[in-house]
Amino acid sequence: MQDGRTTLSKFLIDTLDRKPGPQSQIGLSALLIDVAASIKTISAALTKGALAGNYGSAQSVNAHGDEQKKLDLATNDIFLQHCEWDGLLAGMVSEEMEGVYEIPEAYPRGEYLLAFDPLDGSSNIDINGVVGSIFSVLRVNGESGEAGFLRPGREQVAAGYAIYGPSTMLVLSVGNGTHGFTLERDVGNFVLTHSDIRIPEDSCEFAINASNERFWEPPVRRYVQECKDGRSGCRERDFNMRWIASMVAEVHRILMRGGVFMYPRDFKTPAMQGRLRMLYEASPMSFLVEQAGGMSITGRERILDVKPRALHERVPVILGSKNEVARIGRYHGEYDRGEDKPYTSPLFNERSLFLPDPV
Ligand code: F6P
C-alpha cells in the first residue's frame with residue numbers, strides 16, 4: 001500500500017476484510033472506522049481551543065481520584081456516542097467511568113470490547129500542549145462484565161492512539177505492524193503516511209519524570225545515572241532527556257525516532273504499583289511498540305503477558321528501543337539476584353532513608 005494514497009478505510013478493507021484466515025475479523029474494520037470518527041470529532045473540538053468554552057475543571061473526580069476536566073468528560077461522551085450504536089460492541093471501559101459501560105438496550109450487542117482513554121495527558125490542555133486518545137480492542141471470549149476485559153494484552157485484536165499535535169495522527173495496529181495515518185483536515189480522511197513503522201533498536205534518548213528520582217528502584221536509578229554520566233561514564237556516549245507529560249506524545253516520539261519511556265515502579269505511593277493504567281494505556285501502547293519492533297516491560301515481565309486483576313489497575317511501564325529496554329530489564333534481574341553491588345546498598349532499597357513512611 002502506498003503512503004499518501006491509501007485512506008484508513010482502504011487500508012482496513014485490504015488488511016482485514018479481504019484477507020482470509022486468522023487476520024480476518026468480521027466487523028473490526030467497521031468498529032475502527034467508528035473509533036476514527038470519534039477521533040476526528042475530538043480533533044475538531046480541540047482545534048477550537050478556548051473559543052469553544054470547554055477548558056477548565058468539570059468539578060468532579062474520576063475512579064482514581066484524578067480531577068476531571070470538562071474535556072475529559074466531553075471526549076468520553078464522543079467515544080460513547082460514536083461507538084455504542086453500531087452493533088459491534090459488547091461493552092466499553094474508559095478512564096473516565098468506574099465500571100463497564102453496558103451497550104444501551106436500543107442497540108444490538110456485538111463481538112468486541114473497547115477500552116479507551118479519551119484524553120491522555122489532559123494536564124497539557126490548559127497550556128495548548130500535545131494530548132492524545134488511546135484505545136484497545138479485544139474480542140469477547142465468553143466471559144461477561146469486568147472479567148471479559150481482564151485479559152493479557154497479547155489477546156488484543158487492535159490497538160492504537162490519536163495524537164493531537166500540529167497535525168492529528170492515528171497510529172494503529174491490527175497485528176500486522178504499526179501504521180500511521182495523518183488527518184487531511186479539509187477532506188476529513190485519515191491517509192496512510194507512515195506504513196510499517198520500525199523503532200530503532202538503539203537510542204540515546206530517555207524520558208522519565210525525574211522529580212520522582214528518590215522514589216525509584218535501584219535498577220532504574222542505575223540506568224538513568226549511567227545515561228546522565230554520558231560519554232565519561234560506562235555508556236561512553238551522551239544521552240538526551242525529554243518529558244512531555246503525555247504518554248501519547250512520548251510513545252509517538254519513540255515510534256518516530258527511538259528512545260525509552262519510563263513510568264517505573266516507585267515508592268511515592270507504596271500502594272500503587274505504577275502510575276499508568278493497564279487496560280487503556282500500558283496494554284495498547286505495548287502492543288503498538290512490539291508491533292514496531294520495540295520492547296515493553298514492567299521491569300521484570302513483558303507487559304503483554306500480565307493479566308490485570310481490576311479494570312483500572314496500574315502497572316509500571318518501561319518501553320521503547322529494544323536494546324535499551326532489554327538493558328533495563330537486565331538491571332532489574334541483577335538487582336533482584338543481589339548481583340548489582342553498588343546499588344544494593346540499604347540507601348537505595350525499599351527501606352531507604354530517602355523514602356517516605358508507607359501510608
Ligand atoms: O495519565 C497519564 C499521564 O498523563 C501520561 O500521559 C503521562 O505520561 C503521565 O501521566 C504524566 O505524569 P506526571 O504528571 O508524573 O508528569
Side-chain angles (χ1 to χ4, degrees), residues 39 42 46 57-58 60-73 75-76 79 93-98 115-136 159-165 169 171 205-217 220 224 241-255 259-289 294 296-299 303 308 310-320 325 356:
I39 288 167
I42 293 171
L46 294 177
S57 171
S60 56
V61 291
N62 63 17
H64 335 284
D66 298 335
E67 183 208 20
Q68 289 177 306
K69 296 190 178 288
K70 285 186 200 162
L71 272 169
D72 286 321
L73 299 182
T75 53
N76 192 64
F79 262 92
V93 160
S94 149
E95 179 175 12
E96 305 307 333
M97 303 182 297
E98 194 161 353
F116 61 90
D117 177 356
L119 198 61
D120 171 71
S122 58
S123 65
N124 278 356
I125 277 292
D126 296 333
I127 59 158
N128 203 12
V130 173
V131 290
S133 304
I134 312 174
F135 62 91
S136 157
Y161 66 79
I163 178 164
Y164 309 106
M169 282 187 71
V171 175
E205 207 161 56
F206 67 99
I208 191 163
N209 183 342
S211 68
N212 292 329
E213 179 164 1
R214 67 192 188 283
F215 306 115
W216 298 337
E217 287 194 280
V220 172
V224 172
M241 202 194 89
R242 294 279 180 271
W243 190 249
I244 307 176
S246 156
M247 187 190 198
V248 164
E250 318 278 4
V251 169
H252 192 69
R253 183 186 61 250
I254 287 169
L255 286 169
V260 177
F261 166 80
M262 290 174 272
Y263 220 118
R265 183 170 176 224
D266 68 35
F267 297 98
K268 190 173 183 180
T269 313
M272 274 166 35
Q273 277 296 294
R275 163 94 156 89
L276 302 173
R277 268 56 60 110
M278 185 68 176
L279 286 188
Y280 39 80
E281 291 179 318
S283 189
M285 291 310 209
S286 300
F287 191 78
L288 292 167
V289 164
S296 183
I297 59 173
T298 61
I303 288 185
L311 288 185
H312 300 288
E313 184 164 313
R314 298 178 192 257
V315 66
V317 175
I318 297 168
L319 59 76
V325 177

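Excluded from the calculations below are hydrogen atoms, water molecules and symmetry mates; all remaining heavy atoms, backbone and side chain alike, are included. Read the numbers this way: they start at 1 and go in the same order the structure lists the ligands and their atoms.
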Atoms of ligand 1 less than 4.0 Å from [X] heavy atoms?
X	answer
Gly121	4 (O), 6 (O)
Arg277	1 (O)
Glu281	1 (O), 2 (C)
Met247	5 (C), 6 (O), 7 (C), 8 (O)

Practice item. Under the side-chain hydrogen bond (donor to acceptor under 3.5 Å, both in side chains) rule, collect the residues that match up with Ser122, sequence neighbours excluded. Key: Asp72

Review point. Arg253: what forms a side-chain hydrogen bond (donor to acceptor under 3.5 Å, both in side chains) with it, not counting sequence neighbours?
Key: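 Arg253 satisfies side-chain hydrogen bond (donor to acceptor under 3.5 Å, both in side chains) with Glu250 only.
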
Check your understanding: Taking side chain as C-beta onward, heavy atoms only, is Phe116 less than 4.5 Å from Ser133?
Key -> no

Review point. Less than 4.5 Å apart, any side-chain heavy atom of Phe261 and any of Trp243?
Key: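 SC-SC contact between Phe261 and Trp243 confirmed.
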
Point to revise | Tyr280 and Asp120: side chain donor to acceptor below 3.5 Å | key: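 There is no such pair (donor and acceptor under 3.5 Å, judged by atom type) between the side chains of Tyr280 and Asp120.
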
Side chain or backbone, does [X] bring an N or O within less than 3.5 Å of an N or O on ligand 1?
X	value
Val248	no
Asn209	yes
Glu95	no

Please write down residue, atom name and distance for the protein heavy atom closest to [atom].
atom	answer
atom 15 (O) of ligand 1	Tyr263 OH, 2.5 Å
atom 3 (C) of ligand 1	Asp120 OD1, 4.1 Å
atom 16 (O) of ligand 1	Trp243 NE1, 3.0 Å
atom 14 (O) of ligand 1	Arg275 NH2, 3.4 Å

Review point. According to the interplanar angle, ranging from 0 to 90°, do the rings of Tyr161 and His252 count as parallel (below 30°), tilted (30 to 60°) or perpendicular (above 60°)?
Key: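 Tyr161 vs His252 ring planes: perpendicular.
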
Point to revise | Whether over 12 other heavy atoms sit under 6.0 Å from Asp126 CG | key: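 Result for CG/Asp126: enclosed.
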
**Study point:** Crowding at CD, Glu213 (>12 non-hydrogen neighbours, <6.0 Å)
**Key:**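 For Glu213, atom CD is crowded (more than 12 foreign heavy atoms under 6.0 Å).
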
Point to revise | Glu250 and ligand 1 - part of the residue with a heavy-atom distance under 4.0 Å | key: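 No part of Glu250 is near ligand 1 at this cut-off.
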
Practice item. Report the distance from atom NZ of Lys70 to atom CG of Leu119, rounding to the nearest 0.5 Å. Key: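 Here the interatomic distance stands at 14.5 Å.
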
Point to revise | Of the listed options Ala245, Ser123, Ala249, closest to atom 11 (C) of ligand 1 (non-hydrogen atoms) | key: Ala245

